[in-house]
Amino acid sequence: MTSETTSPGDTQRTVPGPTPAVAACDLDRTLIFSARALGLRVPDAQAPQMLVAEVYHGEPLSFLTAEAGRLLQELAAAAVLVPTTTRTRDQYARVHLPGPPPRYAVCANGGHLLVDGQPDEDWRRQVDAALAAACAPLPVITEHLRKVCDPRWTRKLRIAEDLFCYAVVQRDEMPVGLVAELSMWAETQGWTVSLQGRKLYLVPRPLTKSAAIVEVVQRVGAGRVLAAGDSLLDAELLELADAGVRPAHGELHDQGWNAPHVGVTQSSGVMAGEEIAGWLLDLVR
Ligand SMILES: [Mg+2]
């Protein structure tokens, strides 16, 4: 229904609606935080109210502040909010942000595009073709990771979605220089390394969150891309965005990563998550 009237002879015109913005948001340590990553710097009695964003084995695992939850719901109503994560689909399925489930989500660092919760098969075929053409196959990388990961500081080795692999490590017991050495080797294979919390990831260089977000942008006809993220795997997503924000903690922060169009939060930990939700909402408005 339109309130406009047309007289006979008027050419029917389609008045385009405002183009939506896509807000591509990393999850872990950007919007949601494990208990050990909360980083609260106030007395317990002054801690903000928290929402549980993830339950694992029957216990709460990830959290956000109630205020962040409120801001995210407003953001989801004003923009296309796309959770954009390195999590596998199973790991993502445990995450429940406040509000209705997002229409689009990016999992496995761009390896899967979920549409209404279902993986888009066309997208996955495109990803497989891009990887086959551009980098060493997964078994070569997994074998190398197995060799360098000493059982004394390695808790688990995992293959994710037949796309990439990671080790769960005891970070303070890892040899100094291992990440740098591994990164140099990975570079020669067309792969990249990211250390996030207790997880040491090896990810094919062409497997990116930004490629999947470009696909979402095309599908929804978005005019603007906003992004938030904390790790090296988010750097290219932040670079793609028209405007971005990163928390004052995490891998990018530790490396002093900055870009002119990417803001940095004042706070760190779960309070940075709240700031990020508010920052994205301000930009959408
Ligand atoms: Mg993260």
Side-chain angles (χ1 to χ4, degrees), residues 24-38 50-64 68-69 72 76 81-121 123-124 127-128 131 138 141-142 145 149 154-171 191-204 207-213 216 227-234 237 247 250-251 270 273 276:
C25 264
D26 173 49
L27 292 175
D28 293 272
R29 287 178 219 91
T30 296
L31 287 184
I32 64 174
F33 297 78
S34 66
R36 75 165 68 199
L38 290 179
M50 297 280 175
L51 303 177
V52 175
E54 179 184 21
V55 170
Y56 184 55
H57 289 162
E59 293 186 0
L61 184 63
S62 303
F63 307 85
L64 70 169
L72 272 186
L81 174 62
V82 186
T84 306
T85 179
T86 305
R87 285 177 174 242
T88 63
R89 286 168 293 167
D90 285 347
Q91 292 165 344
Y92 172 69
R94 301 196 299 252
V95 176
H96 299 285
L97 298 174
R103 173 98 211 265
Y104 295 98
V106 172
C107 292
N109 213 60
H112 280 292
L113 174 59
L114 303 189
V115 184
D116 295 324
Q118 297 304 311
D120 188 287
E121 300 297 341
W123 176 250
R124 178 61 198 249
V127 167
D128 285 342
L131 296 190
L138 178 59
I141 307 301
T142 313
L145 187 63
C149 282
T154 306
R155 298 292 166 264
K156 294 177 206 168
L157 285 171
R158 289 278 180 272
I159 292 173
E161 303 270 20
D162 278 326
L163 285 166
F164 61 90
C165 53
Y166 62 90
V168 180
V169 297
Q170 201 69 36
R171 195 163 164 162
W191 286 60
T192 189
V193 173
S194 174
L195 180 62
Q196 303 176 31
R198 298 188 309 138
K199 287 182 180 160
L200 176 63
Y201 290 94
L202 269 159
V203 177
L207 184 70
T208 62
K209 294 178 174 184
S210 63
I213 288 299
V216 174
D230 70 298
S231 83
L232 276 182
L233 296 176
D234 298 309
L237 177 65
E251 207 176 20
V270 73
I276 286 167

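Numbering starts at 1 and runs along the sequence shown. Note that this is a predicted model, so its numbers are computed, not measured.
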Any chance you could lay out the side chain to side chain contact (heavy atoms under 4.5 Å, CB included) test for Ser231 and Asp26, step after step, and finish with the verdict? CA-CA 9 Å; Ser231 83; Asp26 173 49; 5.7 Å; no

Under the side chain to side chain contact (heavy atoms under 4.5 Å, CB included) rule, what do Val52 and Phe63 come out as? Steps first, then yes or no, please. CA-CA 5 Å; Val52 175; Phe63 307 85; 3.9 Å; yes

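- Side-chain contact between Val106 and Tyr92: absent, with no pair of heavy atoms (C-beta onward) separated by less than 4.5 Å.
- In this structure, CZ on Arg94 lies 14.0 Å from CZ on Arg89, to the nearest 0.5 angstrom.
- In this structure, Trp123 contributes its side chain and Gly110 its backbone to a donor-acceptor pair below 3.5 Å.
- Across every non-hydrogen atom of Ile213 and Ala24, the tightest pair is CD1-CB, 3.6 Å.
- Between the CG atom of Leu64 and the CZ atom of Phe33 there is a distance of 9.0 Å, given to the nearest 0.5 Å.
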| Test side chain to side chain contact (heavy atoms under 4.5 Å, CB included) applied to Leu163 and Asp128, step by step | CA-CA 9 Å; Leu163 285 166; Asp128 285 342; 4.2 Å; yes

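- Minimum interatomic distance between Val168 and Tyr166 (heavy atoms only, all atoms of both residues): CG2-CE1, 4.1 Å.
- Here Leu237 contributes atom CG and Asn109 contributes atom CG; the two are 9.5 Å apart, rounded to the nearest 0.5 Å.
- Residues Cys149 and Thr154 approach most closely at CB-OG1, 3.2 Å, considering heavy atoms.
- Scanning both residues, Arg124 and Asp162, for their nearest heavy atoms gives NH2-O, 4.1 Å.
- Inter-residue side-chain proximity for Asp28 and Gln196 is flagged as unmet; no heavy-atom pair is nearer than 4.5 Å.
- The structure places CG of Leu200 at 9.5 Å from CG of Leu157, a figure rounded to the nearest 0.5 Å.
- Arg198 CZ: 12 or fewer foreign heavy atoms inside a 6.0 Å radius.
- The line from SG of Cys107 to CG of Asp90 is 9.5 Å long, rounded to the nearest 0.5 Å.
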Are Lys199 and Thr86 close enough, and set up right, to give a side chain to side chain contact (heavy atoms under 4.5 Å, CB included), and what steps lead you there? CA-CA 11 Å; Lys199 287 182 180 160; Thr86 305; over 6 Å; no

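- A donor-acceptor pair under 3.5 Å is formed between the side chain of Arg171 and the backbone N or O of Gly197.
- In this structure, Leu145 and Cys165 approach most closely via the heavy-atom pair CD2-SG, 3.9 Å.
- Other residues, nucleotides and ligands contribute more than 12 heavy atoms inside 6.0 Å of the CG atom of Asp116.
- Here the OG1-CZ distance, from Thr192 to Phe164, works out to 12.5 Å after rounding to the nearest 0.5 Å.
- Screening Thr84, Asp230, Leu97 against Leu27 for a side-chain contact (heavy atoms from CB on, under 4.5 Å) leaves a single residue, Leu97.
- The shortest side-chain heavy-atom distance between Tyr104 and Val115 falls under the 4.5 Å cut-off.
- What you find for Ala105 and Val82 is that their closest heavy atoms are CA-CG1, 4.0 Å.
- In this structure a side-chain-to-backbone donor-acceptor pair under 3.5 Å is present from Glu251 to Leu195.
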